[in-house]
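These notes concern the structure reproduced below.
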Amino acid sequence: MKIVFLGTPSFALKPLIELNNSRHKIVAVVSQPDRAKGRKGNLLPTPVKELALSLNLPTHQFESIKNQIAFLKSLNADIFITVAYGQILSQEILNTPKFGVINAHASLLPKYRGASPIQSAILNGEKETGITIMQTELGLDSGNILSQEKIPILDSDTIETLFDKLSTLSADLLLKTLCKLENGNSFSVPQDHMLATKCSLITKEMGSLDFSKSARQVFNQIRAINSYSHIDGLYIRILDSEIINEHQINKDAGLIENDFIVKCGQGLLKIKQVLPMNKKRMTAKQFLLGNDVRGKKIGTN
RNA sequence: CGCGGGGUGGAGCAAUAGGUAGCUUGCCGGGCUCAUAACCCGGAGGUUGGAGGUUCGAGUCCUUCCCCCGCAA
C-alpha cells in the first residue's frame, strides 16, 4: 500500500522504521513544525522529521494540515497512518485516501482517550494497557476499533519502559492491521462510548508529590511523570523509589527516616534516586552523604 | 540575545567580614572480633574548571573563556 505517515515524537519512530522496512511504500512523511527546544530555545527538528530525512523519505511540516488538501490528494496514497501526530484532521482529509486514516493509540480504547494515555494508566495503577488501532474520525480517539493488543503493567515498568514496549507493539500491530485491511478481511467495532475516559496533557504541577497519599499512589506518580518535592525549601526531583510497606497508617506523613525512607499517609516509600536543584542525578545514598535529612519533612516547602 | 543556579581530594557536601582547605563516604595499611555494610588506629589522594587582574595574602572580590544543571518553552 502507498502510505502517508503522520507523526511527531519519538513514540512514532519504531512504527515509521517498521513500515519503511515492510513491503509497503511510504510516499510522504508529515510531522509538526520545528519547535523551540532546549535551554537556549534552539529550533530542533522533531524526532520523526529527523528519522524521515535520514531514511531519505519525502518530509513535510505544516502549520496547519487542513490547508494542504490539494497536496495530500496529489500524493495519491491508499492510506494515512497517524501515530502521535498532534494535529486534528478535517473530514476532507479523512476522506482522501481509499482506506481512510488509521491511528495507533497507546491505550485500551475507549479508556484513556487523549494526550497522556501511558502516563495516566500508570498513574491510576492500571494492571494492563495496550495499543489500539482505530479508524480515525473527527472525534478525539473515538473511531471504530480495528485491532487491539494488551500488555501488562509491571511494578518494574516506568514511563520509559512502557513507552518503549508500546511503541514496539504499535509498530507490530500496525503491520498486522494493514495486512488485514489489504486482504479485505478486516472488520471494525464501534467503541462503547459509555466507557470512555479522557486524559489531559500532563502539566508541571501534576508532578508535585503528596506524601499524605498512599505509598502506592506516590510510587505510581514517580513512575509515571516527572515528580518533585521540597526539603527545607530545596527543590528536588524524585526519580526512582521502592515501596517498603503498603499498609502502615502514618499521621506524620512526609517524615524522612533512615535510608531515605519516607512515611506516607499509608505505607512507607524508599527514595532511591534523586535530582536536586542544579545537581546531577544521584542515588539516595550519595545525596545523604552531603545532606542530613533524617527527621526532616519532605513536602510542599 | 527567555529566567536562574553551580563547577572544591574517586563520590556527595562544608568553609563566619578575603588570612594555615574541612566533613561524610570510598580507597590503601594495621588492630579488635566467632563474625560484620560493626568498631578503633594510621595513610594516600586537592596547583579549589581554565586564563588574566586587585591584594602583604584569593575557594572567597573583578574581567574573560570552557563545562554542567533547574525552570520556562
Side-chain angles (χ1 to χ4, degrees), chain A residues 6-13 30-53 59-65 83-88 114-120 123 158-160 163 199-211 218-219 221-245 254-262 268-301:
Chain A
L6 303 94
T8 299
S10 55
F11 186 82
L13 294 181
V30 180
S31 195
Q32 289 271 45
D34 295 348
R35 304 279 187 219
K37 278 224 164 171
R39 215 178 312 279
K40 288 166 189 157
N42 293 335
L43 227 52
L44 288 181
T46 69
V48 163
K49 176 190 179 185
E50 210 163 14
L51 173 65
L53 290 177
T59 306
H60 309 273
Q61 296 170 287
F62 306 120
E63 269 312 322
S64 175
I65 194 169
V83 182
Y85 171 52
Q87 281 190 36
I88 307 291
S116 58
I118 310 179
Q119 291 93 330
S120 299
L123 214 47
T158 65
I159 181 64
E160 278 100 16
F163 202 86
C199 51
S200 55
L201 224 50
I202 301 291
T203 64
K204 168 78 181 165
E205 300 76 56
M206 294 168 75
S208 180
L209 290 169
D210 178 0
F211 287 92
V218 178
F219 174 70
Q221 182 177 331
I222 292 169
R223 296 192 295 150
I225 59 184
N226 282 348
S227 297
Y228 61 91
S229 194
H230 297 266
I231 303 175
D232 274 354
L234 169 75
Y235 172 93
I236 182 169
R237 276 199 22 215
I238 310 296
L239 305 177
D240 191 18
S241 69
E242 177 186 349
I243 295 176
I244 300 295
N245 177 305
L255 190 71
I256 303 168
E257 305 193 306
N258 285 340
D259 259 348
F260 221 146
I261 291 173
V262 179
L268 299 172
L269 192 71
K270 179 172 179 172
I271 307 300
K272 294 174 71 178
Q273 206 164 81
V274 299
L275 175 54
M277 189 69 156
N278 304 323
K279 303 290 183 179
K280 296 179 182 170
R281 79 162 38 211
M282 62 181 81
T283 62
K285 188 179 178 185
Q286 287 177 314
F287 178 75
L288 293 177
L289 286 174
N291 302 273
D292 191 6
V293 296
R294 276 170 307 179
K296 290 184 180 171
K297 275 216 163 189
I298 183 167
T300 17
N301 298 322

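So that the names make sense, note that chain A is the first sequence line, chain B the second, and so on, each numbered from 1. Side chains are part of it too, since the values below use all heavy atoms of this structure and drop only hydrogens, waters and symmetry mates.
When both distances must be under 3.5 Å, the Watson-Crick or G-U wobble mate of G9(B) does not exist. If you check G70(B) for Watson-Crick or wobble pairing at under 3.5 angstrom, you find it paired to C3(B). The nucleotide A15(B) finds no pairing partner, because no Watson-Crick or G-U wobble arrangement with both distances shorter than 3.5 Å includes it. Summarising the base pairing, U63(B) is matched to A51(B) through a Watson-Crick or G-U wobble pair whose two defining distances lie under 3.5 Å. G42(B) and C28(B) make up a base pair, with Watson-Crick or G-U wobble contacts both under 3.5 Å.
Rounding to whole angstrom units, NZ of residue Lys280(A) and P of G10(B) are separated by 14 Å. When rounded to the nearest whole Å, the span between CG of Leu234(A) and P of G4(B) equals 20 Å. At whole-Å resolution of the value, CD in Gln273(A) and P in G12(B) are 13 Å apart. Rounded to an integer number of Å, the gap from Asp292(A) CG to A14(B) P is 13 Å. Between the CE atom of Met277(A) and the C1' atom of G4(B) there is a distance of 7 Å, given to the nearest Å. Protein atom CE of Met282(A) is 10 Å distant from nucleotide atom C1' of A11(B), rounded to whole Å. Per the geometry, CG belonging to Leu288(A) stands 13 Å off P belonging to G26(B), to the nearest Å. Rounded to whole Å, the distance from CD1 on Ile202(A) to P on A73(B) is 15 Å.
A perpendicular orientation is assigned to the rings of His230(A) and Tyr228(A), their planes being inclined by more than 60° (bins at 30° and 60°).
Spacing of C1' atoms, U63(B) relative to U54(B), comes out at 11 Å, to the nearest Å. For the C1' atom pair drawn from C62(B) and A44(B), the interatomic distance equals 37 Å after rounding to whole Å. Nucleotides C65(B) and G7(B) are separated by 14 Å at their C1' atoms, to the nearest Å. The separation of G18(B) from G12(B), taken at their P atoms, amounts to 28 Å, rounded to a whole angstrom. Spacing of P atoms, C23(B) relative to C40(B), comes out at 15 Å, to the nearest Å. Straight-line distance between the P atoms of G42(B) and U25(B): roughly 15 Å, to the nearest whole Å. Taking atom P on both nucleotides, G4(B) is separated from U8(B) by 23 Å, rounded to a whole Å. Here the separation of U47(B) from C1(B), taken at their C1' atoms, is 37 Å to the nearest Å.
Between the side chain of Ser31(A) and the main chain of Gly7(A), a donor-acceptor pair closer than 3.5 Å is present. Under a 3.5 Å cut-off, the side chain of Ser227(A) and the backbone N or O of Leu209(A) do not form any donor-acceptor pair. Gln119(A) places no side-chain N or O within 3.5 Å of a backbone atom of Leu201(A) that could act as its donor or acceptor partner.
Counting only heavy atoms from C-beta outward, the side chains of Asp210(A) and Val218(A) never approach each other to under 4.5 Å. Annotation: side chain of Ile159(A) is not in contact with side chain of Ile225(A) (no heavy-atom distance under 4.5 Å).
In terms of position on RNA chain B, the residue among Asn278(A) and Gly290(A) whose nearest nucleotide sits closer to the 5' end is Asn278(A).
Using a 4.0 Å cut-off, no side-chain N or O of Lys279(A) falls inside it from OP1 or OP2 of G12(B).
Across all strands shown, Lys285(A) has no heavy atoms under 4.0 Å from either base or sugar-phosphate atoms. Using a 4.0 Å heavy-atom distance criterion, Leu275(A) is classed as a sugar-phosphate-only contact.
Comparing C13(B), A11(B), G4(B) by their closest approach to the side chain of Leu289(A) singles out A11(B). The side chain of Tyr235(A) sits closest to G70(B) out of C68(B), G12(B), G70(B).
For Arg35(A), the CZ atom counts as densely surrounded, since its 6.0 Å shell holds more than 12 non-hydrogen atoms of other residues, nucleotides or ligands.
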